[in-house]
There are 2 protein chains.
Amino acid sequence: MDDARTRLIESTRELLWERGYTGTSPRAIQERAGVGQGSMYHHFAGKADLARAAIRSTAQEMVPRSRAHLEGPGTPLERLRAYLRAERDALRGCRVGRLVQDAEVVADASLREPIDEVFSGTLQRLAAVLREGQAAGEVRADVDAGQVAAALLSVLQGAYVLARAHQDPARFTAAVEGVLALVAAPR
Amino acid sequence: MDDARTRLIESTRELLWERGYTGTSPRAIQERAGVGQGSMYHHFAGKADLARAAIRSTAQEMVPRSRAHLEGPGTPLERLRAYLRAERDALRGCRVGRLVQDAEVVADASLREPIDEVFSGTLQRLAAVLREGQAAGEVRADVDAGQVAAALLSVLQGAYVLARAHQDPARFTAAVEGVLALVAAPR
DNA sequence: GTCTATAGGAGGATAGAC
DNA sequence: GTCTATCCTCCTATAGAC
């Protein structure tokens, strides 16, 4: 049986995903966690403190997932495809990317930093695989791997936006397939 | 001299951009517009009604801008570059894309539809230019124009996310240049 | 058209009892 | 550790006077 602290973090993670930081209230967190007011303020200093714990937790969770694909088996291009095509909940959006739209998150360094770090790490791993792919002749060699890595990560983040705007997960897939087609070296 | 109605829409547009729908209050709108409570509720039925007017206004404004680049002078590839490299406030985010992260916006069809339409229109124009470029040999011919159009628009939307996450506009530029390099047919 | 008054509820947090 | 009481402000809107 989970303790109150754990349940509070978990419900905060969910609410941050669904409603964002501004849209998430301590009251809602407590209710979803089934935890009282006093308990919440015993374990955490307040909303920002809880969000900090929740964001760190979510961010940490994403690292092994991207590594599993990008540093897994297969040729470099196969690994890129595996990562980009990994199952994602297109209509729900990115648990992490979603948060940086929020002015209050960006204004608070301790909330923004964990996000900054996940993206930086992913960017580096993507660039490394791209360079491998270039060496292997699978990926176009006449492009800058760092810039293309940024483009790939941006496609994922932006694809969520398109999918939500149209309320259609197919938009997500289209964008991903579009950029994958471009990355592969022409035959 | 602007009337109250106009100023209300304008201040709502600004606040939606800065704080999102959930983070924008009628009170803040009135203060920024220099308009009283009674005046606001005289001209608009409430927050959602104001947001509807503001979102429509912002969305309408974006159409001629994209057309200016995509249907302007130059070769197809030059026009794509002009559009993607057009000056954007990377750290502020997209006036329109930003809104779609907001659960309340997505839940209200009358708020989401104007956004849906801008994106759909842009997507079609991008795809058309891409096909022109393919015919002209400037753009890789072995890719699906519709998918690549989705990828291009996603890069823009996602590049805002990266720039905000790192608080660095250079991330935006890197992503854009990365995808532009990929779109051009290899020599 | 615009102003002021009013209102019930939510947001975010503190205090002290148990 | 958790509960209840309490607090002040903001949110969003309505009512009615001017």
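What's counted below: heavy atoms across the whole structure, side chains too, no hydrogens, waters or symmetry copies. Residue numbers start from 1 in every chain, and the chains themselves are labelled A, B, ... in the order their sequence lines are given, proteins ahead of strands.
As rounded to whole Å, 13 Å separates atom C1' of D:dG1 from atom CZ of A:Phe44. Distance, A:Ile29 CD1 to C:dA10 P: 16 Å, rounded to whole Å. Across the protein-nucleic acid pair, B:Leu15 atom CG and D:dC11 atom P stand 11 Å apart, rounded to whole Å. Summarising the geometry, the separation between CD on B:Glu31 and P on C:dC3 is reported as 13 Å, rounded to the nearest angstrom.
Between B:Ser25 and the phosphate of D:dC11, there is a side-chain N or O to OP1/OP2 separation shorter than 4.0 Å.
A salt bridge links B:Glu61 with B:Arg65; the closest basic N to acidic carboxylate O contact falls under 4.0 Å. A salt bridge between A:Arg112 and A:Glu117 is absent, with no side-chain N of the basic residue lying under 4.0 Å from a carboxylate O of the acidic one. Under the 4.0 Å criterion applied to side-chain N and carboxylate O atoms, B:Glu10 and B:Arg13 are assigned as salt-bridge partners. A salt bridge links B:Arg140 to B:Asp142: at least one charged side-chain nitrogen sits closer than 4.0 Å to a carboxylate oxygen.
Listed in residue order, the members of residues 32-43 of chain A having a heavy atom less than 4.0 Å from DNA chain C are A:Gln37, A:Tyr41. Residues of residues 47-58 of chain A having a heavy atom closer than 4.0 Å to DNA chain D: none are found.
Judged purely by atom type and a 3.5 angstrom limit, B:Asp102 uses its side chain to pair as donor or acceptor with the backbone of B:Tyr21.
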Determine all donor-acceptor pairs shorter than 3.5 Å in which one atom belongs to a side chain in residues 176-186 of chain A; sequence neighbours excluded.
| unit_1 | atom_1 | unit_2 | atom_2 | d |
| --- | --- | --- | --- | --- |
| A:Glu177 | OE1 | A:Arg85 | NH2 | 2.8 |
| A:Glu177 | OE2 | A:Arg85 | NE | 2.8 |

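Of the N and O atoms on the side chains of A:Ser110 and A:Arg52, at least one donor lies less than 3.5 Å from an acceptor on the other residue. In this model, a donor atom of one side chain and an acceptor atom of the other lie less than 3.5 Å apart for A:Ser66 and A:Arg125.
Residues A:Thr24 and B:Arg27 both approach DNA chain C. Their nearest nucleotides, taken by heavy-atom distance, put B:Arg27 toward the 5′ side.
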